Amino acid sequence: MNGFFSMVWREIKLLRKEKTIMFAILIQFFIASFSSIILTGIMVYYDPGSMGHNASTRLNVGVVGNDVRQFSICLGERRHHALHYTDMESAESDFKAGRLDAIVSISDIQSDTVNMKLVLPEMDAQATLVLMLLKEPLERYENYLRTRNGVTLRYQDVRSKPFTTYEFLYTIIIPLLIFFPAFIAGSMVIDSISEEIENKTLDTLLSTPVSINWVTGAKIIASVAVGVFQCMLWVILLIFNGFYVQNGFLILMLSAMVTAIIAMIALAISMFFRDRERSQFIYSLVILVLFSLTYLVSPSPFSLVARLASGDPSVGFLHVAVYVVVFAVTAAMTPIVTRKLSRA
Amino acid sequence: MKRVKARFGGRMVAAVAILLTAAAIVSFLVYQKGMVLARDFYIVGATDRAPQIYDQRFQVVTVDNSAGAVALRDGKIDVFITGTTIFTRKDDRSQHAAGALKTYLGKSEFARLAETYPLSQAFPLRVEINYLKGVSTDDAALATIPSAAMVDRVSADTALPAAEPEFIPPVTGSAAVIQPPLVSTANSKSDEAVRQQLIEVQNARFIPEFRAEFAPDMELIVPSLMTPPMPLAQVLLAFAYILPIFFISIFFTSSFIEEKMGRRINVLLSTPVTPLQVICGKMLPYIAYSLLAVTVITLFLRGNVLLALAIFLPVMLFIFSIYLGVALQYRTFKDQTFFSLVAVTLITGYLVFPAMFVGINDLSYISPLTLAVQMYRGVDITPVQYMLSAAPMLLVFVLALTAGSRVFNEEYLMSFRPIQKKIRDAIYFAMDRRHLAASAAIFALLFIPVVFMLEMGIIVFSISLPPALALGVVVFLCVVIEEAAKSIMVCVAAERGLVTRLKDVALLAVISAAFFFLGEKILLFLSLKVISESIFTSAVFASSALWIPLLVHAACTLTVCLLAFRLGEKRYPLALLAGSVIHGLYNISLVGVFS
């Protein structure tokens, strides 16, 4: 058994020397260290409306019109500055000088419908940010006008918090972070096996007293160890960034099981095709199909991680145990498949 | 093509066919089920009087009033709804769940309002979006928002009303001079816009048409129905177009590396085929795949295929140039993966970051993504704008092919050496050893597009830094790059013993500097037709009387080359630093830092 563990250690040492892996881990570490900032940036793509909730910027809005008092109150409730102008020209002049972020011009508000002209900066990113920051004041003003027209919108007074960042973090970011090392682990196993085959070092190894299953087992354990280590790092860094991840142990257990299953599948693929390029290609397709397939079961691995991390009381150890069973079956089959393929 | 057939023929075809069929079936099943990543994420307790909830994010548990209240208190459900009343706990999970439920029910509320009331009463606010050129980036750092003058002007006239903390009353009180808003759209037209937006809100799960912008000028929006704009379409375009090209070019590099690993490259070298033919022959099929990918993507995004091909062909050739470099330099897949990763990061940065400044800074035209954004916005592209982004990439491609075909020999391809030594080897093999003066001139000219792209990239990256720091960073990095480009060929020639006398080294250094200067000025002349001059471009492409910069170029290159010649190959970085310091001080003096 000592020989087996020394092989595992050899694989881990080889991985440490691997520039690509170290670079990928370094990038992950960097991203995780700033995940709270980066999350806000990525959120903009998932839900551009989140900018309005997350940004603390206070805008200077030039307001033009006779009856702008109510709209100015709506702006004030979101701590934006309303600067009243008597004409559009002077507002535009201050806008061009960079003193205003936007201009709002309001028509006669006596009729049912109020027409408003909103002037935004030409630059894409700036215009989007300003518009998203103004969305809530505009909605408040719209609701005021509705009430004035005798129309009531229900559910507006429910006490709540914006949900998009929360959903994005727990249902996309955390599952991706947890499973990304698993995908990398599979890829690493293929690289490692293909290299041994292409450089003919596998034959040399097999001429010693070690069996093919020791060699492949060591590679799988090394890749799972690196994968789980990365997941641990992710969870710790997320907690440092103020994102609370619940059921940490169950998540790591699930991650280890999924990583091991993927690594074993990758092993079978690389032993079958025996060259890196074709193995990596087929591996990518297999992973794509498998993970799409898991979407059809409930809870899928992605969904299970999301619900465990967010503290959903309806999921727990029993759901993770299903993956332990899948792992056990795959682990039992792998030595047979490997032996057969190594003789082929 | 044969290689791809051989690689992906036989049992691979069967495997790929099975997997693609499986992928198609699974995709269909996933589509049928509805793509919701947060399925059953929230637990909602609902009485039989609660509205129906069909959103897959919610696990709905039917409860009566008392059981619902207890389950909510005990944390077994996240929210409890009865009738139109929603109950929550104070913790985050319950509050976020309430936010999601409120938004979901809010959508059906809009449908109810549209059915129950006239649109003018239900959606009474119509906002017309207008765009106006604001302050430029160069001035942005200087602008204070709001200006001290503005605040003084406001507070001098009237005090803030206590009840409205953020409302600052009119600067001048005359209501008579107020001009009415420019909006005079008839209600029927704006009602039509409301109907359209209602349909968009109801069909929000379908993918909208890609427009590369949020709302065109003068478009009408209704705040409660507004679909948030997708910011920075440039990034999306980068993902849509560039990533497939990266994937394809990785296959190209792999094919090369495989030939090297299997020593089949030696057989190729012994045939009457020229190196250029080998490189082009290997590259062409992958370029054809990339062109096909661009065509398909453009058709999918409903863009102009010919224009897209014109925009992305230089990008393709540029990416293939970089990957050709990786393939020629390295012999193992591990190295290939690592340097491919680095190349993807740098190239994506070069393409995406300048394009972020569309509409605010003309520097954005160095990235073809800017042109792609213009294409999707229906904005015309001028020939000069096109050339500014395409020409450096095409020239880099020419450089890569020229250098690649000259270093295509067994000694270079099969050797394992550190990257800096491989670069020196490449320069040595690429130069015409019998005509060193001509080589110095050609190298100086060929390096210009590379230097230009690097310098533009540095300028764009530095815009977000504090001005003083940005100027320092830009000047330092750019002069180092320029001095390296001018001196490296001369230093390699000296180090390999092709020039042995000091005066010959000096002559080559002056030739290199003179031709670099000439090329740089031509490029500057062309680029300033598009890019407006800023403190950064002045610092990098300083353009005073012609003879002074020529002398500075020559003096700096002489310093680097002569020092490197005297001190030896290992001291080249020190010599480079010395030349760069002189060049940097000169550039900074031009922008008036010392005055």
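Note that these values count all heavy atoms, side chains included, but never hydrogens, waters or copies made by symmetry. Residue numbers begin at 1 in each chain, while the letters A, B, ... track the order of the sequences. The structure presented is a predicted model; accordingly, all values stated were derived computationally and were not measured.
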Winner by heavy-atom pair count (cut-off under 4.5 Å) against chain A, out of Ile77(B), Thr103(B), Leu101(B): Thr103(B)
Interface residue of largest heavy-atom contact number with chain B, from Asp312(A), Val289(A), Leu138(A), under 4.5 Å: Asp312(A)
Between Arg307(A), Arg154(A), Glu139(A), the one whose heavy-atom pairs under 4.5 Å with chain B are most numerous: Arg154(A)
Euclidean distance, Leu125(B) CG relative to Phe71(A) CZ, rounded to 0.5 Å: 8.0 Å
Choice from Val104(A), Val61(A), Leu153(A), Leu290(A) maximising heavy atom contacts with chain B below 4.5 Å: Leu153(A)
Backbone of Ala122(B) reached by a side-chain donor or acceptor of Arg146(A) within 3.5 Å: yes
Residue pair Asn149(A) / Pro124(B), side-chain heavy-atom distance below 4.5 Å: yes
Shortest non-hydrogen separation from Ser298(A) to Asp40(B) and the atoms involved: OG-OD2, 3.8 Å
Largest heavy-atom contact set with chain B, pairs under 4.5 Å, which of Leu118(A), Leu59(A), Leu285(A): Leu118(A)
Toward chain A, the part of Tyr117(B) with a non-hydrogen atom under 4.5 Å: side chain
Option passing side-chain contact (heavy atoms from CB on, under 4.5 Å) with Ser292(A) (candidates Ile25(B), Leu29(B), Val26(B)): Val26(B)
Ser300(A) versus chain B, the contacting section by heavy-atom distance below 4.5 Å: neither
Best-contacting candidate, Ser303(A), Ser160(A), Ser194(A), against chain B by heavy atom pairs under 4.5 angstrom: Ser160(A)
Contact summary for Ala306(A) and Phe41(B), nearest pair of heavy atoms: O-CE1, 3.7 Å
Option that, when pairs with chain A are counted at under 4.5 Å, heavy atom only, ranks first among Ala23(B), Ala100(B), Ala98(B): Ala100(B)
Part of Val286(A) within contact of chain B (heavy atom distance under 4.5 Å): both
Distance-only donor-acceptor check, side chains Ser310(A) and Arg93(B), under 3.5 Å: yes
Phe123(B) portion near chain A, given a 4.5 angstrom heavy-atom threshold: both
Heavy-atom pair of closest approach, residues Arg159(A) and Thr88(B): NH2-OG1, 3.4 Å
Residue, of Leu293(A), Val315(A), Leu296(A), that accumulates the most heavy atom pairs under 4.5 Å with chain B: Leu296(A)
Chain A contact via Ile43(B) - side chain, backbone, both or neither, heavy atoms under 4.5 Å: side chain
Spacing of CG belonging to Asn115(A) relative to CD belonging to Glu128(B), to within rounding of 0.5 Å: 8.5 Å
Close side-chain approach of Arg39(B) to Tyr295(A), heavy-atom, < 4.5 Å: yes
Within-4.5 Å side-chain heavy-atom neighbours: Asn130(B) and Ile103(A): no
Close aromatic pair by centroid cut-off 6.0 Å: Phe163(A) and His96(B): no
Working for side chain to side chain contact (heavy atoms under 4.5 Å, CB included), residues Tyr131(B) and Val119(A): CA-CA 5 Å; Tyr131(B) 297 99; Val119(A) 179; over 6 Å; no
Modelled atom types, side-chain donor and acceptor of Ser224(B) and Glu142(A), under 3.5 Å: yes
Contact leader toward chain A among Gln59(B), Glu109(B), Arg57(B), where contacts are heavy-atom pairs under 4.5 Å: Glu109(B)
Tyr244(A) versus chain B, the contacting section by heavy-atom distance below 4.5 Å: neither
